[in-house]
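Order of the sequence lines sets the chain letters (A, B, ...), proteins ahead of strands, with each chain counted from 1. Quick caveat, the model's predicted, so the values are computed rather than measured.
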Number of protein chains: 2
Amino acid sequence: MMQQRAHILSGEQKPRSQTQRAASELRRMIVSGELPAGSSYLETELAEMLDMSRTPVREATLMLEAQGLLEVRPRRGVKILSISPEDMEEIYQILTELESLAAERVAERSTSPEMLEPLREATQRMEDALARDDREAWAAADEDFHTRLVELSGSARLKSVIANFNDQVRRARALTLYIRPAPTKSNADHRALIAALEKGDAALARKIHREHRIAAKSLMISLLSKHGFHQI
Amino acid sequence: MMQQRAHILSGEQKPRSQTQRAASELRRMIVSGELPAGSSYLETELAEMLDMSRTPVREATLMLEAQGLLEVRPRRGVKILSISPEDMEEIYQILTELESLAAERVAERSTSPEMLEPLREATQRMEDALARDDREAWAAADEDFHTRLVELSGSARLKSVIANFNDQVRRARALTLYIRPAPTKSNADHRALIAALEKGDAALARKIHREHRIAAKSLMISLLSKHGFHQI
DNA sequence: GCATAATTTTATGTATACATTAAAAAATAC
DNA sequence: GTATTTTTTAATGTATACATAAAATTATGC
């Protein structure tokens, strides 16, 4: 085999390193369920899948282990971690705290109303999607709202750690998207949050978002238990 | 050079992998300031320092990068990240949220008063240390209190993410240990928290700890600004 | 002398060789 | 036939070779 591979997909934006490619590719495969929770793979298998040597695969698995997506078990392969309802509760609690902090920071920082435009726009898309009962579009817009909110907090750390935990529960969210009730409350919550942010009322923004996330957690937990999902 | 090295230090508890050793050794060197913030090192230099090949060093630096302790800059060496007052604020805010959650969880979970014994014991050590004006001992006991509290929350994720952020601000804490006023309030806060935990009052525990951490943040920020530390 | 181009150096990224050791399989004892 | 020991297999951990490309240096044109 040739030692260095030419970049075949010239359409790719960045000729990033193999390690970066392995990390993002494996992350994608894990959060999409392509590599199912609970399954195990040898380094060699992953290297074969990704068409590279073991070295970048090893480096990527160490990064993903630090992110909590998989476990590197010496000589037993890399195991894709599954999520129990208890894990789910933990992660949602953590996300609740961190996103509430983000909302508070946005309220404190937002000087002009235009800054909040991405939030209004995402909320509008959520409402439109809900009106035509397009759940995928709703979920995409909802995720967008949360991402934008966190970005507006101006904290790269907050963004990164929230993204990590979100990746851990993405599978579960996809699973409950069609069995959950219509998310009318979510849209209303977002409007209320935007109003609080416009007023620059940090405490209120925090409170609204916190309750929004706690409700999301309760709903998720009850859906999982109702449908008997013990390991996702 | 021989390819595999015998374990010379047989006193070591675990013959962990070189990668693990590199990660914990580098972490220690960073948080202690032995590798100063802002300084840069080539992979080869670090490998030499740790008496191993580049491979485990590379793997360790990727893990520490994910933890936010350093930055891997292609061809410019690994840079130990420094912390600005703004970073400090971000990190303390995040720690405030996460530890408050931990306190709340402990209040909800603590069934027997004996469970809280480690917290009482650490607080006692803090008070003793304060009485004899031993700041190092006070800091050690305080850190122990926080660690135990988080452990009692029963969330491995919470523990891990809090530990990561704590590592990022450890240098700054050491720096302000002797220039801060005597921490009498901290000790009182801990006693109040323990009382709330004993009552199982989650909301109160949360509130007390949150205010405790917010005060710690304000103190730290004002100390840094007063003493003109712009990059730590 | 200064800016640009050519060249050299050097640090990293990746593949691969190989030692180690855990796990699996086979052999042995009873 | 089961339990224990020995042997074999195989996956990982680590070192190293080497290609690549960035940075540094030197050479060249003006």
**Q.** Nearest-angstrom distance from the residue atom CE of B:M63 to P of D:dG13
**A.** 11 Å
Pairs under 3.5 Å (N/O, protein and nucleotides 9-11 of chain D):
from   : atom 1 : to    : atom 2 : distance (Å)
D:dA11 : N3     : A:R75 : NH1    : 2.8

Q | For atom CZ of B:R21 and atom P of D:dG13, their distance in whole Å | A | 15 Å
Q) Is any side-chain N or O of A:R58 closer than 4.0 Å to OP1 or OP2 of D:dT12? A) no
Q. Which pair of heavy atoms, one from B:I94 and one from A:L98, lies closest together, and at what distance?
A. CG2-CD2, 3.9 Å
(Q) What is the distance, to the nearest angstrom, from the CG atom on B:D51 to the C1' atom on D:dG13? (A) 16 Å
Q. Taking only residues two or more places apart in sequence or in another chain, which ones pass side-chain hydrogen bond (donor to acceptor under 3.5 Å, both in side chains) with B:S40?
A. B:R73
**Q.** Protein-nucleotide distance (A:R73, atom CZ; C:dA23, atom C1'), rounded to Å
**A.** 13 Å
Q: Tell whether B:T55 reaches the base of D:dT16 with its side chain through a donor-acceptor pair below 3.5 angstrom.
A: yes
Q. When the distance from CD of A:Q20 to P of C:dG13 is rounded to whole Å, what number comes out?
A. 9 Å
Q | Upstream residue (5' side of DNA chain C) when B:P74 and A:P74 are each assigned their closest nucleotide | A | B:P74
Q: Would you kindly say whether B:Q93 and B:R213 are connected by a side-chain donor-acceptor distance under 3.5 Å?
A: no
**Q.** Atom-pair distance (CD on B:E59; C1' on D:dT14), nearest Å
**A.** 9 Å
Q: Check if the side chain of A:R54 and the base of D:dG13 share a donor-acceptor pair of N or O atoms closer than 3.5 Å.
A: yes
**Q.** Pair B:H190 + B:H209: ring centers closer than 6.0 Å
**A.** no
Q: Under the salt bridge (charged side-chain N to carboxylate O under 4.0 Å, His left out) rule, collect the residues that match up with B:D144, sequence neighbours excluded.
A: B:R125
Q) Is the closest basic N to carboxylate O distance between A:R28 and A:E25 below 4.0 Å? A) yes
Q | Nearest-0.5 Å distance, CG of residue A:L50 to CG of residue A:L26 | A | 5.0 Å
Q: Find the distance B:Q18:CD to D:dT16:C1' and express it as a whole number of Å.
A: 15 Å
Q: Can you tell me the distance, in whole Å, between the CD atom of B:E48 and the P atom of D:dA15?
A: 13 Å
